[in-house]
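Letters A, B, ... mirror the listed sequences (proteins, then strands); counts begin at 1.
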Amino acid sequence: MPAVNTSDAILLVEDDERDVILLQHALKEAGLTNQLIVVRNGLEAADYLDGYGLYTDRAVYPLPRLVLLDLNMPRMDGFEVLAWLYTRADLKDLTVVVLSGSAEESDMHMARQLRANDYLVKPREAREWAKLTERLSAHLSKPPAPSRKAPNSTNQLHEAHDG
Amino acid sequence: MPVSATILVADDDENDFIILRRAFQRAGLSHRLIHVRDGEAAMDYLSARGAYQDRAQYPNPNLLLLDLKMPRVNGFDVLAWLQSQKELHSLCVVVLSASQLEADKKTAAELGAHDYRTKPHDFDDLIDLARDLDARWISQIPGLNQPFCPPGHGLGNS
């Protein structure tokens with residue numbers, strides 16, 4: 001499979017317009033000029049990352065450098081997106097950061113199990129957004145994350161059968 | 001041509017302010033929204049005291065959007081103070097609060113608030129609210145140089 005061009009874009013998967021606005025504002029304040037692409041639920045995110053449906057043109061809809069993923073969304077939630085990504089070896093270089101209103105340990109644990117690269121809780125205070133953008137900035141300046149290696153799907157099947 | 005007004009927003013939650021400012025933009029309104037974090041700063045601003053002495057930078061607002069729950073000096077305190085400020089009697093004051101309590105609405109009306117609006121959670125509703133505030137309290141202002149609240153409107157008259 002030929003290497004796909006990765007842009008510096010951030011794909012935000014978020015159904016709440018208020019959080020979209022706050023993130024846009026925080027990125028601007030932090031001087032992060034990465035293109036911000038917004039999709040509204042997990043299904044749209046999967047379509048986007050697959051280059052499927054509306055999103056076939058990679059010149060217009062480039063593969064993002066980083067995915068910011070809300071958890072609680074209609075149609076396909078964040079965990080389902082993580083589980084789907086887990087099976088996709090071709091997207092293993094993608095950095096996936098959960099951005100959720102939930103600070104529940106069980107949600108964080110589940111996200112880690114599903115190989116999210118990081119888990120950030122949505123800030124309640126405006127000034128906390130600055131810390132959040134620092135973390136994002138650190139992720140964006142790193143080489144593509146090695147920790148998100150998806151297992152070879154064939155091996156996984158074998159293991160499943162063996163076990 | 002739409003008028004550009006100055007709106008002073010007293011709210012301790014900066015997130016709410018950022019979202020409100022965006023809602024006005026999305027409603028196609030070019031008003032300047034200025035943020036103060038508590039009632040004390042609102043009073044300083046309105047009296048051109050302290051950090052707010054420069055009226056070129058901090059013009060007299062055409063509308064005050066006032067949160068109720070704020071640290072130090074809350075919204076009710078600001079309303080009470082406004083009643084004692086003769087030169088600010090024509091300032092339009094709309095309470096914008098998360099509280100849906102009838103008691104809060106009643107107190108705000110008694111203290112001279114012109115209107116009381118509950119903060120909507122849905123962003124589209126907030127855009128509608130921005131449009132409505134503009135139509136009701138800003139588009140009617142005959143000259144934007146002076147604060148002027150159209151008579152015959154609002155809570156105080158109902």
Side-chain angles (χ1 to χ4, degrees), chain A residues 10-42 44-45 68-75 77-78 97-103 120-137, chain B residues 7-42 45 51 65-72 74 96-100 117-134:
Chain A
I10 298 171
L11 179 68
L12 173 63
V13 192
E14 173 63 73
D15 61 325
D16 188 338
E17 180 64 18
R18 298 163 56 95
D19 289 327
V20 174
I21 291 163
L22 292 173
L23 183 74
Q24 277 170 337
H25 179 80
L27 292 176
K28 200 171 142 194
E29 289 285 298
L32 287 173
T33 55
N34 303 61
Q35 184 190 0
L36 185 71
I37 302 159
V38 184
V39 291
R40 298 294 168 180
N41 58 57
E44 286 184 16
L68 261 181
L69 187 62
D70 187 22
L71 289 181
N72 190 8
M73 289 180 296
R75 302 187 73 189
D77 70 22
V97 175
V98 170
L99 179 61
S100 170
S102 160
L120 305 176
V121 179
K122 285 176 186 172
R124 284 168 187 263
E125 291 283 325
R127 71 198 68 170
E128 290 169 19
W129 281 97
K131 283 185 215 157
L132 186 141
T133 49
E134 268 176 37
R135 279 276 273 278
L136 289 184
S137 192
Chain B
I7 302 174
L8 183 65
V9 182
D11 195 322
D12 60 328
D13 188 334
E14 197 185 343
N15 285 343
D16 279 356
F17 173 74
I18 291 165
I19 290 163
L20 182 68
R21 190 175 55 190
R22 189 86 184 108
F24 272 89
Q25 287 169 352
R26 287 278 283 275
L29 300 166
S30 58
H31 305 313
R32 182 175 172 207
L33 271 68
I34 297 175
H35 181 221
V36 289
R37 291 181 168 279
D38 57 51
E40 195 176 319
Y45 187 105
L65 289 179
L66 186 63
D67 188 19
L68 289 180
K69 287 201 189 77
M70 291 184 291
R72 300 207 282 184
N74 70 28
L96 187 58
S97 168
S99 164
Q100 302 192 21
R117 309 302 291 268
T118 308
K119 284 180 184 176
H121 183 74
D122 187 81
F123 184 66
D124 287 333
D125 292 340
L126 196 62
I127 297 175
D128 289 342
L129 176 70
R131 283 203 187 95
D132 191 52
L133 288 173
D134 172 71

Check: Can you tell if the side chain of A:H25 reaches within under 4.5 Å of the side chain of B:R21, non-hydrogen atoms only?
Finding: yes

Margin query: Before you tell me yes or no, could you show the steps for A:W129 and B:N15 under side-chain contact (heavy atoms from CB on, under 4.5 Å), namely the whole-Å CA-CA distance, both residues' side-chain angles and the distance that decides it to 0.1 Å?
Written below: CA-CA 10 Å; A:W129 281 97; B:N15 285 343; 3.5 Å; yes

Check: So does B:D128 have more than 12 non-hydrogen atoms from other groups sitting under 6.0 Å from CG?
Finding: yes

Check: So do the side chains of B:H121 and A:R18 get within less than 4.5 Å of each other, counting heavy atoms only?
Finding: yes

Check: What part of B:D122 is in contact with chain A, defined as an atom under 4.5 angstrom from a non-hydrogen atom: side chain, backbone, both or neither?
Finding: neither

Next item on the list: Output the distance between atom CD1 (B:I18) and atom CD1 (A:I21), rounded to the nearest 0.5 Å.
Entry: 10.0 Å

Notebook entry, point to check: Got more than 12 heavy atoms from elsewhere within 6.0 Å of CZ, B:R117?
Noted result: yes

Next item on the list: Evaluate the criterion side-chain contact (heavy atoms from CB on, under 4.5 Å) for residue pair B:R22 and A:Q24; output intermediate values, then yes/no.
Entry: CA-CA 11 Å; B:R22 189 86 184 108; A:Q24 277 170 337; 4.1 Å; yes

Item checked: CD1-CD distance between B:I127 and A:E17, expressed to the nearest 0.5 angstrom -> 7.0 Å

